[in-house]
Amino acid sequence: MKVATWNVNSIRSRLDHATQWLQTNPVDVLCLQETKVVNETFPTAAFSELGYIAYIHGQKSYNGVALLSRQPLDKVQYGFAPVLGEDRVGDLDDQKRVIAGLWDDIYIVNLYVPNGSSVGSEKYEYKLRWLACLKEYLAALLTEHPNLNVCGDFNIALEDKDIYNSEGKEKHIMSSPTEREALKEVMAVGLKDGFRLFNDEGGHFSWWDYRTAAFQRNMGWRIDHHYLSAGLSDRALSCTIDLEPRRWEKPSDHTPVIMEYA
DNA sequence: ATGGCCTAGGATCTAGGA
């Protein structure tokens with residue numbers, strides 16, 4: 001069983017890439033972030049032709065997440081509120097960043113964590129509030145679903161070796177100590193980094209800035225993750241980053257990360 | 001280098017990304 005995560009930076013701009021990738025990489029579930037399209041305009045038909053059911057949670061212009069699945073998912077939920085309630089969640093569901101569903105006994109949570117803009121900004125405070133809410137959400141889910149695959153664009157590189165050059169990291173968005181600590185707090189509910197089950201090296205990245213020819217120079221960051229509950233990490237077989245789509249013409253700035261289970 | 005590029009929306013620029 002394979003689950004992949006991929007921030008496509010607009011599903012309409014990346015439709016050919018997504019369908020081409022699925023044809024050579026027929027994963028069971030593909031988790032998309034930054035679809036940037038309302039549900040009515042999501043290109044559902046292109047994926048149903050390939051045998052995928054699309055569960056979509058979009059908005060105009062920004063954010064947006066989707067689950068593409070080769071079989072129907074149970075208990076599909078949109079946002080934090082179905083688990084935590086509207087009173088707790090407040091404005092954190094206004095941006096469409098969370099979708100989840102059950103494949104057999106594996107509950108798959110697909111996240112687009114807020115970027116945060118810059119350390120100390122209003123958006124950074126929103127990111128930290130969002131991560132605190134995420135911790136409560138995942139803790140609640142774990143009581144019902146022991147096999148949890150939490151994946152997506154986390155917009156955080158957890159360790160210095162997840163960045164091509166960690167100089168100045170304390171002040172940089174995606175690597176500042178406070179947001180790293182917030183993510184570690186989330187993981188403390190009982191989640192492990194799926195990639196690190198198989199690989200301890202630095203130099204493995206999932207995102208490269210469009211500017212400065214960062215991909216060609218391998219100036220990347222590992223910010224797209226699969227986090228696994230203890231029950232599920234025992235069944236993990238591999239976690240790989242597919243660099244190929246990042247080499248294609250007009251690529252997303254992110255590339256897929258694939259988790260495989262027994 | 002408060003730089004470099006890309007997307008959507010709506011319009012020849014701004015917001016947001018990371």
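Just so we're on the same page: letters track the sequence lines, and every chain starts at 1. Given the structure is predicted, the values throughout are model-derived calculations rather than measurements.
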Going by the side-chain contact (heavy atoms from CB on, under 4.5 Å) test, name the single residue among A:L148, A:I106, A:V150 that passes it with A:L232. A:I106
Can you check the A:Q216 CD to B:dC5 P distance for me, whole Å? 12 Å
Looking only at the aromatic ring of each residue, does the gap between the centers of A:F195 and A:H204 stay below 6.0 angstrom? yes
With rounding to whole Å, what would you report as the distance between B:dA1 and B:dT12 at their P atoms? 34 Å
Please measure how far the P atom in B:dA18 lies from the corresponding atom in B:dT7, and state the result in whole Å. 13 Å
Could you run down nucleotides 8-18 of chain B 5' to 3' and tag each one B, S or - for protein heavy-atom contact under 4.0 Å? SSS----BSSB
So, for A:W221 and A:H172, is the gap between ring centers shorter than 6.0 Å? yes
Nearest whole angstrom, please: distance from the C1' of B:dA1 to the CD of A:E167. 15 Å
Go through the steps to decide whether A:E144 and A:K75 satisfy the test salt bridge (Lys or Arg N to Asp or Glu O under 4.0 Å), and finish with yes or no. CA-CA 12 Å; A:E144 202 180 333; A:K75 301 185 178 179; 3.6 Å; yes
Rounded to the nearest Å, what distance is computed from the CD atom of residue A:Q59 to the C1' atom of nucleotide B:dT7? 14 Å
Nearest-Å distance once atom P is located in both B:dG10 and B:dG16: 15 Å
A:H254-A:W6 aromatic ring centre distance below 6.0 Å: no
Expressed as a whole number of Å, how far does the P atom of B:dG4 sit from that of B:dA15? 15 Å
Verify whether the ring centers belonging to A:F154 and A:Y227 lie closer than 6.0 Å. yes
Using the glycosidic torsion, which applies to B:dG10: syn (within 90° of 0) or anti (everything else)? anti
